[in-house]
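Please read the structure below before turning to the comments.
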Amino acid sequence: MKKAFLLICLFLSGYSAAEAQEVYNYLLESSTRIVNNPASSFTQTRIAQFKRTALVYMKSKAFEVMPRVTDQFLNTQAYYMSEFVALFFDEVLRDKKLSASRRREKIYLFMDASKSNPLFNDPDAETTDAFMLDSNELTPFSLDTDWQKAYLAARNILDANSKGN
């Protein structure tokens with residue numbers, strides 16, 4: 001936990017060269033460790049599998065379509081992907097008194113934020129929407145997501161809704 005906090009502080013402070021891709025690599029390694037650990041719970045494994053898949057997709061697609069992929073780009077996207085998933089679970093699970101219809105609204109809010117903010121405009125919907133199309137997924141988000149924009153979109157809607165209540 002301390003290492004994650006340190007990495008986030010370094011990322012936010014603009015630390016560069018020696019720590020290249022530290023946020024991206026940390027999240028990828030952490031997700032891979034959880035997926036490969038037989039002691040991980042079903043829920044932990046499913047969430048980590050999504051994160052790992054999203055990170056691998058993002059990096060490989062970036063190198064395929066972008067002329068130059070920077071560490072800053074990978075770190076920023078990885079950081080906001082992690083924050084987006086954390087915010088999603090916080091919002092959907094936090095309030096035990098949340099009605100089924102309100103919980104469904106919040107899930108759709110996050111799905112829409114993910115789908116409405118593509119990073120690459122990848123036409124391969126079978127791949128990019130695989131987690132959205134499987135109704136058993138705990139993380140129903142598009143792989144082709146600009147995670148920073150999606151996080152900010154979800155956060156803005158949640159903030160606006162909380163002020164309206």
Side-chain angles (χ1 to χ4, degrees), residues 1-66 68-94 96 103 106-107 109-111 113-115 117-120 122 124-155:
M1 185 60 111
K2 287 181 183 178
K3 183 175 180 177
F5 178 74
L6 175 63
L7 290 173
I8 291 168
C9 288
L10 289 171
F11 167 72
L12 294 176
S13 68
Y15 195 79
S16 59
E19 297 295 321
Q21 289 184 36
E22 276 299 318
V23 175
Y24 176 92
N25 288 336
Y26 176 79
L27 290 172
L28 182 60
E29 289 166 11
S30 174
S31 297
T32 300
R33 220 177 5 264
I34 292 167
V35 167
N36 293 332
N37 183 350
S40 295
S41 73
F42 175 78
T43 301
Q44 290 171 320
T45 302
R46 297 288 293 271
I47 295 167
Q49 183 62 49
F50 171 79
K51 287 181 177 181
R52 186 171 76 166
T53 302
L55 291 166
V56 169
Y57 166 84
M58 176 186 56
K59 187 174 185 178
S60 66
K61 192 68 176 176
F63 277 103
E64 179 184 315
V65 301
M66 296 172 70
R68 184 170 177 263
V69 180
T70 65
D71 295 333
Q72 175 78 22
F73 168 80
L74 294 172
N75 285 330
T76 298
Q77 288 298 315
Y79 172 79
Y80 280 102
M81 185 260 318
S82 184
E83 289 298 299
F84 183 89
V85 172
L87 181 62
F88 170 73
F89 283 107
D90 187 47
E91 285 294 323
V92 171
L93 301 177
R94 178 182 54 189
K96 302 294 183 204
R103 189 175 316 278
K106 284 193 173 189
I107 291 169
L109 178 154
F110 281 88
M111 290 173 69
S114 168
K115 187 69 175 166
N117 291 287
L119 186 58
F120 304 109
D122 189 342
D124 181 6
E126 185 177 340
T127 298
T128 61
D129 295 348
F131 285 85
M132 294 181 84
L133 298 173
D134 183 347
S135 61
N136 294 319
E137 284 300 334
L138 301 174
T139 49
F141 314 123
S142 172
L143 296 177
D144 183 14
T145 297
D146 182 324
W147 294 107
Q148 184 173 14
K149 288 181 180 177
Y151 174 82
L152 295 173
R155 179 85 268 161

Can you tell me if D90 uses its side chain to pair, donor with acceptor, with the backbone of A86 under 3.5 Å?
-> no
In terms of side-chain heavy atoms, does Q49 have a donor or acceptor partner in T53 at a distance below 3.5 Å?
-> yes
Would you check if Y57 and T128 make a side-chain contact, meaning some heavy-atom pair closer than 4.5 Å?
-> yes
In short, D124 meets D122 closest at the heavy-atom pair N-OD1, 2.9 Å
Hey, is D129 close enough to K115 for a salt bridge, meaning N to O under 4.0 Å?
-> yes
When rounded to the nearest 0.5 angstrom, what distance separates CH2 in W147 from CG in N117?
-> 10.0 Å
F110 vs F141 aromatic rings, parallel, tilted or perpendicular, using cut-offs 30° and 60°?
-> tilted
What distance do R155 atom CZ and L87 atom CG have between them, rounded to the nearest 0.5 Å?
-> 5.0 Å
So do Q148 and F84 actually touch side chain to side chain, heavy atoms under 4.5 Å?
-> no
Inspect the surroundings of CZ in R68 and state if more than 12 heavy atoms from other residues, nucleotides or ligands are less than 6.0 Å away.
-> no
Which heavy atom of A48 sits nearest a heavy atom of I34, and at what distance?
-> CB-CG2, 3.6 Å
So, for K51 and M81, which heavy atoms are closest and what is the spacing to 0.1 Å?
-> CG-SD, 3.7 Å
Donor-acceptor contact present, side-chain T76 to main-chain F73, <3.5 Å | no
Do the side chains of V69 and K59 get nearer than 4.5 Å, heavy atoms only?
-> no
Test item: side-chain donor near acceptor, T145 and S114, under 3.5 Å = yes
Please round to the nearest 0.5 Å and tell me the distance separating atom CD of Q77 and atom NZ of K149.
-> 9.0 Å
With sequence neighbours excluded, tell me which residues meet ring pair (Phe, Tyr, Trp, His ring centres under 6.0 Å) with Y151.
-> Y80
Side-chain polar contacts of residues 131-139 - donor-acceptor pairs under 3.5 angstrom, sequence neighbours left out - could you list them?
unit_1	atom_1	unit_2	atom_2	d
D134	OD1	N136	N	2.9
E137	OE2	R46	NH2	3.4

Salt-bridge criterion met for D144 and K61 (N-O under 4.0 Å) | no
With sequence neighbours left out, which residue pairs that include part of residues 30-42 fulfil the side chain to side chain donor-acceptor pair (under 3.5 Å) condition?
-> S41-Q44
Taking side chain as C-beta onward, heavy atoms only, is Y24 less than 4.5 Å from D71?
-> no
Tell me, do D146 and F120 make a side-chain contact under 4.5 Å, heavy atoms counted?
-> no
